[in-house]
Every structure is written in C-alpha cells, then in structure tokens.
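Structure first, commentary second.
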Amino acid sequence: MTYLGTGTNPFTHFLLGLPPDRVSYVLQPRPAMDVHNWEHGYFFQDTWKISSRLTVNLGLRYELITPFIDKNDLIANFDPDFVNPTTGQLGRFVIPSTKTLKYLDTRIVKFGYVLAKDSGLGVGRGTVRTDKTDFSPRIGVAYRLGTKSVIRGGYGIYYPTSAAQGIRDPIATNPFNQSITRKGTTSSPIDGWPGSTHGISPITGGAISSGTGGTPAVNVVPFSLHQPRIHQYNATFEREIGWGSAVRFSYLGSTMHGLIAGKDLNELQPTDVPFGTNILDDNGDPAGICDPVSPDPAKNACDISNADFQRYRFPSLGDFVLSFGNYGHAQSNAFQTELKHRFTHGLMFNVAYTYWTRNRRHWTQATPVLAELPTINFNPTATMESMAMFPGIVSSPTAYTIYQWAKGASTVRRCPGGEMLW
C-alpha cells in the first residue's frame with residue numbers, strides 16, 4: 001500500500017485503516033517447483049606413442065542435456081515472432097499443458113497462449129529444444145627435444161553445463177507470482193481496509209494502473225538456444241636447467257562463443273518525441289505536463305500514457321521484455337612463466353608469473369555464462385585490464401613460507417615445521 005501527499009505520516013494513515021493511493025498485490029502465488037532433467041556425457045580417449053620423442057592424445061566427448069521439466073508444468077516461454085492471423089497481435093505464450101493455467105497470471109492467459117505440443121515449434125514440456133550439437137574434440141601433443149626440453153600443446157572444446165539451469169530460471173519465475181497495481185480514481189476510489197471481496201488483497205476499489213504496474217513482466221528464451229561453446233588451447237616449453245631446477249613458459253588461450261546474454265525487446269527506438277512526461281487522467285490519457293519535483297506527486301506525477309505505450313513493440317507487456325540468447329563473445333589470453341626447484345638440501349621453491357588479458361563483447365558485467373541484465377547498447381565492448389600474479393614458495397626443514405603477489409597486493413604466510421597446509 002502506498003500513501004502519497006504531504007501532511008500526516010503515511011504509517012498513521014495505515015494504522016487508521018484509511019484508503020491508500022495505490023496498492024500492489026500478487027494475483028496467484030506459485031507453488032514450489034519440482035523439476036528434473038537428464039545430462040548425458042560420452043567420452044572416448046586414447047594415447048598414441050608415435051615415436052620415442054612424440055606422443056599424441058586424442059579424445060572426443062559428446063554431451064546431451066535435456067531441458068528442465070516441472071512436475072506441475074510451472075514453466076512458460078514467449079514466442080515473440082508469432083503473429084495472430086485474426087487480430088494481428090504480435091507474440092504468444094507457450095506453456096507445457098493446461099495444468100499451467102491455474103498458476104499463470106490472468107493477464108498472460110488473456111494475452112494469448114498455445115500448448116507446447118500444438119505450437120509447431122518442436123518443443124516439449126520444457127518449452128525449449130534439446131541442443132544435440134555438443135561435440136567436444138580434444139587433442140594433446142608432447143614432443144621431446146633432446147634430454148632436457150619438451151614442448152607440449154593442447155586444444156579442446158567445452159560446454160558449461162551450468163547454463164542449462166540458467167535457461168530454466170527465466171521461464172519459471174516471471175510468468176508467475178506477478179504483481180498488479182491498482183490506484184484510486186475519481187470514478188473508482190480505493191476503499192479503506194479491511195473489506196476484501198475477492199480474497200486476495202484486503203483492499204477493494206480502484207482501477208488497474210494504466211502504467212507498467214498494470215502489465216505483466218515477461219522473459220523470453222529462444223526455442224533453439226544452444227549451450228555456450230568454449231575453445232581452450234595452450235602451448236608450453238619446459239627445460240631442465242640444472243641444480244634440480246626447471247623453467248617453464250606457457251601460453252593459455254580461450255575463445256568463447258554463444259555466451260548467453262540478454263536484450264530488451266521492448267526498447268524504444270531513438271526519437272526526439274518526449275516519453276512519459278504527462279499527468280494522466282483516469283483513462284490513461286494525457287491531462288497536462290507533469291512536474292517531477294512537485295510537492296504533491298499524487299496530482300503531478302509523471303506517467304506513461306496510452307499513446308506512449310503504443311511505441312513499445314509489445315505494448316501489453318510493459319516497458320521491459322528481456323530476451324536471452326547466444327549473443328556473447330569473449331577472448332582470454334594468458335602468458336605464464338615458472339621457475340621450480342625440487343626439494344634438495346632443505347630448500348624448495350616455486351616462483352611463477354602470470355600475465356592475463358580478457359576481452360568480452362556483447363555481454364554484461366554479471367557473468368560470461370548467463371547474464372541476467374541486458375547488454376549496454378552504447379558500450380557493447382568491454383575490455384578487462386591485464387592482471388599479473390606472482391606466487392612463490394620457499395621451504396626449509398623448520399619453516400614453510402608462501403609469498404603471493406597480485407596487482408600490488410601481497411600475502412606472506414609462514415607455517416611451522418615445514419608442513420604444507422592447503
């Protein structure tokens with residue numbers, strides 16, 4: 001409940017049971033989910049010693065991850081490309097079965113829906129297709145140069161299975177537990193409470209808000225969404241330099257494609273026409289220019305008019321329709337060098353230096369696997385600055401000291417008795 005205006009403290013109005021200016025409540029609570037899916041992994045690998053100097057390791061992995069299915073079908077996706085042949089309305093909801101309807105927001109039901117089996121999209125109760133293309137070849141090579149040096153290299157493709165759960169979450173949250181906002185109008189004021197007649201909210205009267213408070217929130221997961229694909233590769237040169245010591249130089253790279261990120265399908269097109277700058281009447285039409293710093297926001301609040309709403313691609317779905325997709329790309333490069341001394345005469349040390357750079361495109365600050373926020377369209381490329389790490393270990397029969405330095409911060413840890421604590 002929201003009390004606007006000046007004067008008496010809003011909490012006093014609440015205690016007296018006076019009618020609020022606005023009230024928000026959940027139409028139909030969603031029960032807890034009970035979901036399951038299947039994740040299969042098949043792997044073949046073998047090692048060939050081609051000569052006394054050259055060894056090759058080859059492998060192939062295949063992964064099959066099915067969409068999540070809920071026992072009560074508490075999932076709903078959205079098809080933004082469908083056009084109703086009768087009304088011309090753009091978009092429709094795709095639900096697993098009729099069991100979904102009693103938990104689904106009534107405004108979504110009214111908007112229009114289709115059962116997954118009747119959609120013609122090739123989807124089942126999970127409302128997304130199973131990705132059957134996750135083949136992961138692996139190769140490793142080791143070549144010995146003389147008796148003290150070796151060159152190693154490797155390449156592989158990987159698919160982060162955590163993305164499967166991330167796909168489930170957007171289509172199992174927003175379509176349910178939707179809130180609705182009512183506001184008092186001249187023709188339909190909100191009554192004092194209690195006095196409920198519909199059993200959901202202790203407030204009666206008022207009209208459903210014509211702004212974003214009167215529209216449901218929607219998430220979209222493309223029916224053909226794929227698991228992100230990560231290419232990892234490395235090359236290493238190692239050489240023994242005597243005195244029980246060896247040096248290593250390595251390059252490690254990762255190229256990531258199809259990272260899951262989001263974009264707003266209801267984003268307004270660039271224009272010089274003002275938006276949301278009016279006071280509205282009871283019908284949601286402009287009644288004057290608003291004042292965002294007015295001392296009485298109940299009378300002068302800025303709101304979105306009916307005409308403003310028609311500028312959205314999906315006017316009935318609010319000001320934000322988040323669509324996930326395989327939009328993201330990223331590149332990571334690292335150079336490592338290491339000096340290692342085996343434990344001899346009470347001394348062991350391991351000193352390493354890593355120089356790392358990462359470039360990411362078309363995904364957010366949240367996570368490279370599943371971004372829950374839309375990309376910043378005006379700065380689609382973000383580059384992370386290089387990082388340097390310098391860990392070191394010195395050990396003796398009486399003490400074990402760990403040194404670690406990264407980006408100007410250092411740590412020194414000393415363990416008595418020469419014991420290694422990890």
Side-chain angles (χ1 to χ4, degrees), residues 2 4 21-25 27 76-95 104-114 119 170-171 174-176 178-188 206-222 262-292 294 297-325 373-378:
T2 302
L4 301 175
D21 296 279
R22 296 174 186 264
V23 60
S24 298
Y25 53 92
L27 280 174
N77 206 348
F78 184 72
D79 181 3
D81 299 320
F82 175 79
V83 179
N84 189 308
T86 303
T87 64
Q89 177 181 269
L90 185 62
R92 63 177 175 176
F93 287 88
V94 180
I95 62 176
L104 203 61
D105 187 281
T106 55
R107 293 164 296 176
I108 290 179
V109 176
K110 183 179 179 181
F111 184 91
Y113 68 90
V114 65
S119 65
I171 54 180
N174 275 23
F176 308 92
Q178 297 266 2
S179 65
I180 192 170
T181 300
R182 289 180 176 270
K183 64 179 181 180
T185 65
T186 303
S187 58
S188 180
I208 295 178
S209 173
S210 60
T212 56
T215 57
V218 177
N219 284 336
V220 183
V221 173
K263 66 178 181 180
D264 180 12
L265 297 184
N266 251 359
E267 182 178 8
L268 294 175
Q269 296 300 314
T271 179
D272 58 359
V273 178
F275 182 89
T277 59
N278 293 289
I279 304 170
L280 304 185
D281 60 21
D282 292 348
N283 297 318
D285 296 320
I289 302 298
C290 64
D291 182 0
S294 169
K299 295 182 179 180
N300 300 287
C302 298
D303 214 334
I304 301 176
S305 68
N306 295 329
D308 288 337
F309 255 96
Q310 295 307 311
R311 293 165 60 181
Y312 289 125
R313 182 182 176 188
F314 303 99
S316 301
L317 300 180
D319 59 347
F320 190 78
V321 177
L322 179 56
S323 174
F324 294 93
L373 300 175
T375 52
I376 303 174
N377 294 333
F378 302 102

Flag, side chain of [X] to backbone of [Y], donor-acceptor distance under 3.5 Å:
X	Y	result
Asn266	Arg313	yes
Asp105	Phe176	no
Arg107	Ser316	no

So, for [X] and [Y], which heavy atoms are closest and what is the spacing to 0.1 Å?
X	Y	answer
Arg92	Ser119	NH2-O, 3.0 Å
Gly325	Pro222	CA-CG, 4.1 Å
Val220	Pro80	CG1-CD, 4.0 Å
Phe309	Gly318	CE2-CA, 4.0 Å

Going by side chain to side chain contact (heavy atoms under 4.5 Å, CB included), Asp79 matches just one of Val83, Asp81, Asn77. Which one?
Asp81

Any chance you could measure Asn219, atom CG, to Leu317, atom CG, to the nearest 0.5 Å?
11.5 Å

Distance check, rounded to the nearest 0.5 Å: Phe111 atom CZ versus Phe78 atom CZ?
4.5 Å

Is the number of heavy atoms from other residues, nucleotides or ligands under 6.0 Å of Tyr113 OH greater than 12?
no

Check the pair Leu104 / Phe93 against side chain to side chain contact (heavy atoms under 4.5 Å, CB included), numbers first and verdict last.
CA-CA 11 Å; Leu104 203 61; Phe93 287 88; 5.6 Å; no

Take Tyr312 and Asp319, measure what side chain to side chain contact (heavy atoms under 4.5 Å, CB included) needs, and give me the verdict at the end.
CA-CA 7 Å; Tyr312 289 125; Asp319 59 347; 2.9 Å; yes

